[in-house]
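Counting starts at 1 for both ligands and their atoms, following the listed order. Quantities reported herein were computed from a predicted structural model and do not represent experimental measurements.
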Amino acid sequence: MSERPPAYEREPYRTALETAVVATGAEGGRPWAVLEDTILYPEGGGQPSDRGTLNGVAVVDVQKKDGAIRHALAAPVAAGPARVRLDWERRFDHMQQHTGQHLLSAVAQDRFGWETTAFHLGPEVSDVELAAPSLSAADLGRLEEAVAVEIRAARPVRPRRVTLDEFRALPVRTRGLPEGFAGDVRLVEIEGVDLNTCGGTHLSNTAEIEIVSLLGTEPLRGGTRVFFAAGGRARRRTARHEARNAALRAALGAPDEGLLDAAKAKLAQLAEAQKAARRAEEELAWAAADALLAGGGRVARAHFEGRDTAYLQAVARRFAAAAGPRAALLTASREGQHVFALAAGDGFGDAQALGREVAALLGGKGGGAGRVFQGRAKDLSGVEGALGRLAREGAGSS
Ligand SMILES: [Zn+2]
C-alpha cells in the first residue's frame with residue numbers, strides 16, 4: 001500500500017488538526033508552508049481549494065505542487081508545531097455542491113442517457129455539461145425530481161482506495177486515469193447509484209445534499225450546460241428570490257403572477273412617453289428655428305441651456321433648409337458639457353469647411369453632412385471669434 005492519504009481525505013468532517021510545518025518558502029512574494037498532514041483540500045477535480053488558518057495566519061489558497069500540498073499564507077509562519085483550522089462553512093458548501101454533482105451526473109446518465117462531460121463548481125452557481133443536444137423545461141423537471149428521489153433515499157456515500165487491479169475489475173464510472181498512473185485509486189460510492197473515481201471531499205449521505213435545484217440550461221459545443229445549486233446555496237437563493245419578488249410587488253403594485261405583465265405595461269408606457277417627449281422637443285426646436293429665421297442679420301446666434309446635440313441638429317436642419325444666404329451658430333450646455341451646431345443656408349458658404357474652422361475656434365471637434373455641422377466645444381469662450389469668422393464669410397458672399 002502507498003502512504004497514508006491526507007486528513008481531509010480520511011476525515012472530511014474534521015475542522016481542526018494538530019500537525020507540524022515541515023517546509024516553508026515564498027513564491028511571487030506569497031509565503032507558503034507544507035505540513036506533515038492537512039485538513040485543507042487543495043484545488044482539484046473541479047472543487048476549489050479550502051480556506052482556514054495555520055497558527056492563526058489566514059490560508060488564502062491550497063495547491064498541489066511537486067508532490068506536496070502548499071498552503072499559501074497571508075504572512076510567513078515558522079517551522080514546528082502547527083494548528084490548522086478549516087473554514088467549515090465554505091467546505092460544507094463545496095461538499096454539498098460536489099456530492100450533489102456526483103448524484104446529478106449519475107442520475108442523468110443512468111436514467112436519461114445524458115453523460116456528464118465537464119463540471120464547474122462556481123462561487124454562486126455550478127454546472128455540469130451533459131451530452132444532450134437540448135433539454136426542455138419538462139426534461140429538467142424530470143431530472144430534478146429523479147435526483148430528489150435519491151436525496152430522500154438517504155443513500156450512504158463512501159470513499160475508499162483500491163489497487164489498480166481491483167479498480168480494473170470494478171464497474172467504475174470514470175473518464176480514465178492519467179497516463180502512467182501508479183498507486184491506489186480513490187473511489188467514491190453512492191450506495192446503489194454510483195461508483196466513481198474522485199479525490200474530492202464528499203458528504204457521508206445523500207440526505208445532507210438537501211436539494212439539487214436545476215436553474216436553467218445553455219447550449220454548448222453540441223451539448224447542454226445545466227446550471228444548478230445544491231443545499232444551503234439553493235435555500236439562500238430562494239430567500240433572495242423571495243426578497244426580490246417582495247420588493248417588486250411593492251414597486252409595481254402587483255402580485256407575483258402579475259409582475260411580468262406589470263413590468264411590460266410600464267415599459268410600454270415609458271416608450272410612449274419618450275415618443276411624445278421627442279415629438280414635443282422637435283416642435284420646440286422648429287419654433288426656435290422659425291424665431292431665428294424671423295430675426296434679422298446674416299449670422300444668427302442662439303444658446304440653449306440644458307439641451308443636447310440632437311436638439312441643436314433639429315434647430316439647425318430646419319433653419320438651414322429655409323435660411324438662404326444666412327447662417328446660424330447654435331450652442332447648448334448640459335452638465336458641464338458644451339456642444340455646438342452650425343447651420344449654413346444655401347448660398348452662405350461651405351458648411352463643412354466653416355464648421356471645421358468654428359470647431360477649432362471653440363477648442364473642439366465635430367463633423368456633419370450637407371448644410372449642418374455639429375460637434376463638441378471645450379467651452380464657449382471662442383463663440384465671439386467664431387461669430388466674427390462667420391460674419392466675414394457672410395460679407396464675402398453677398
Ligand atoms: Zn467527488
Undergrad: Show me the pairs that pass salt bridge (Lys or Arg N to Asp or Glu O under 4.0 Å) and involve residues 16-29, at least two apart or across chains.
TA: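 Only Glu18-Arg83, Glu27-Lys65, Glu27-Arg70 qualify under salt bridge (Lys or Arg N to Asp or Glu O under 4.0 Å).
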
Undergrad: Taking atom types as modelled and ignoring hydrogens, do the side chains of Glu43 and Gln63 form a donor-acceptor contact shorter than 3.5 angstrom?
TA: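 There is such a pair between these side chains.
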
Undergrad: With a cut-off of 2.8 Å, how many protein N, O or S atoms neighbour the Zn ion (ligand 1)?
TA: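 Every protein N, O or S atom under 2.8 Å from the Zn ion (ligand 1) counted, the figure is 4.
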
Undergrad: My understanding is that only one of Arg160, His202, Arg158 makes a side chain to side chain donor-acceptor pair (under 3.5 Å) with Glu189; could you say which?
TA: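 Considering Arg160, His202, Arg158, a side chain to side chain donor-acceptor pair (under 3.5 Å) with Glu189 is found only for Arg160.
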
Undergrad: Can you check side chain to side chain donor-acceptor pair (under 3.5 Å) on Thr163 and Asp165, steps first, answer last?
TA: CA-CA 5 Å; Thr163 64; Asp165 286 339; 5.4 Å; no

Undergrad: Does either side chain, that of Ser49 or that of Arg51, offer a donor lying less than 3.5 Å from an acceptor on the other one?
TA: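 Looking only at side-chain atoms, Arg51 and Ser49 do form a donor-acceptor pair, the distance falling under 3.5 Å.
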
Undergrad: Can you label the angle between the Trp114 ring and the Phe112 ring as parallel, tilted or perpendicular, going by 30° and 60°?
TA: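 The arrangement is parallel - the two ring planes meet at less than 30°.
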
